[in-house]
Number of protein chains: 2
Amino acid sequence: MLLEIDFNSDEALYIQLRNRIILGIATEELREGDTLPSVRTLAENIGINMHTVNKAYAVLREEGFLTLDRHRGAVIALDLDKLRALREMDEMLRVIIARAICKRISREEIHRLIDEIMDDFGG
Amino acid sequence: MLLEIDFNSDEALYIQLRNRIILGIATEELREGDTLPSVRTLAENIGINMHTVNKAYAVLREEGFLTLDRHRGAVIALDLDKLRALREMDEMLRVIIARAICKRISREEIHRLIDEIMDDFGG
DNA sequence: GTTTTGTTATATGATAAATATAACATACTG
DNA sequence: CAGTATGTTATATTTATCATATAACAAAAC
């Protein structure tokens, strides 16, 4: 999988990297058991520091997207704690939906947008 | 409206403040034409610096949630550029939905969560 | 034994966030 | 008119975060 970074973005590099990998899992470019490049290899490929990749991996582990073994490396492994996932999703959605309500975006429009995005992911 | 801040949060103070105000508008605690406290008053009430409040107000103006007049102060005024709002919403939703897919949260569960949150807002 | 892995430690420069003082222009208040 | 309160701008300082750099460690693989 190709992992790119936008150096002009206002998003932190390790956050961009984390999101790219999550998007990769969602689109099934990355599957359970797949291994990611080592922190040093990926850092060199992208052209960033090893610790930045390490931080992205550490966050992904903490959030339940992969496991990190000393010699197998970074392996996609999904922790399906749905209660936790739903709780986190609720928190993230709340502000977004509040914005939508302010802008007079209807419930139907939101549902439609969700469907469009889900279709893009090949669901 | 009561505007509180969590000093232990990892979110920037001005972002927290911005989100609180957006939530206030969505729940109709704040309505079109209502005025917010002056930057100095609110800063003192919360216990933060004037410029932090000023930044939150400036962001809210830029995002189309209020206008800032020299003597009326900060007034709730919604810019209903729905195209822009939908575009921004799409971008914010994409990563969230990718996370949901990874966690095996179904399309129906997402729609249900949206409805729950919308109901909370009194829609 | 050498290599590769994630991991930790420490230091440094760069950028952003928050604070502190000060001043300005404008409109309301008395 | 003087005084007050408003957002706004400017400048400086401190603090926190991000990214980098170098180094070292422990454990499994070869």
Charged N to carboxylate O under 4.0 angstrom, B/Arg87 versus B/Asp81? no
Using the side-chain heavy atoms of A/Ser38, tell me which of these nucleotides is nearest: D/dT8, C/dT5, D/dT20. C/dT5
Nearest to the side chain of B/Asn54, which nucleotide is it out of D/dT9, D/dA19, C/dA20? D/dT9
Between C/dA16 (C1') and B/Glu11 (CD): distance, integer Å: 15 Å
SB check A/Arg72 A/Asp69 (cutoff 4.0 Å): yes
So for atom CD, which belongs to A/Glu29, do other residues, nucleotides or ligands contribute more than 12 heavy atoms lying within a distance under 6.0 Å? yes
Distance, rounded to the nearest Å, where B/Asn49 contributes CG and C/dA22 contributes P: 13 Å
Donor-acceptor pair present, A/His71 side chain and C/dT3 base, under 3.5 Å: no
Rounded to the Å, how far apart are A/Leu66 CG and C/dG6 P? 10 Å
Does a side-chain N or O of B/Thr52 approach OP1 or OP2 of C/dA17 to a distance below 4.0 Å, or not? no
OP1, OP2 of D/dA19 versus side-chain N and O of A/Tyr14: anything below 4.0 Å? no
Rounded distance (Å) that lies between atom P of D/dC18 and atom CG of A/Asp10: 13 Å
Tell me whether the OP1 or OP2 atom of D/dA19 has a side-chain N or O from A/Lys55 closer than 4.0 Å. no
Is any side-chain N of the basic residue among A/Glu62 and A/Arg84 closer than 4.0 Å to the acidic one's carboxylate O? yes
Taking only the side-chain heavy atoms of B/Arg40 (C-beta and beyond), determine which of C/dG6, D/dT20, C/dA23 contains the nearest atom. C/dA23
Just the rounded figure in Å: distance from P of D/dT15 to CZ of B/Phe7. 17 Å
Quick one: A/Ile15 CD1 to D/dC18 P, roughly how many Å, whole number? 7 Å
By the 4.0 Å heavy-atom rule, please label A/Ala74 as base, sugar-phosphate, or nothing. sugar-phosphate
Would the base of C/dT8 count as contacting A/His51 through its side chain, where contact means a donor and an acceptor less than 3.5 Å apart? yes
Protein-nucleotide distance (A/Glu44, atom CD; D/dT20, atom P), rounded to Å: 13 Å
Can B/Met92 be reached from B/Ile25 by stepping across I, L, V, M, F, W or Y side chains whose heavy atoms are under 4.5 Å apart? no
Between P of D/dG7 and CG of B/Asp69, the distance in whole Å: 10 Å
For DNA chain D, whose closest nucleotide is more 5', that of A/Ala12 or that of A/Met50? A/Ala12
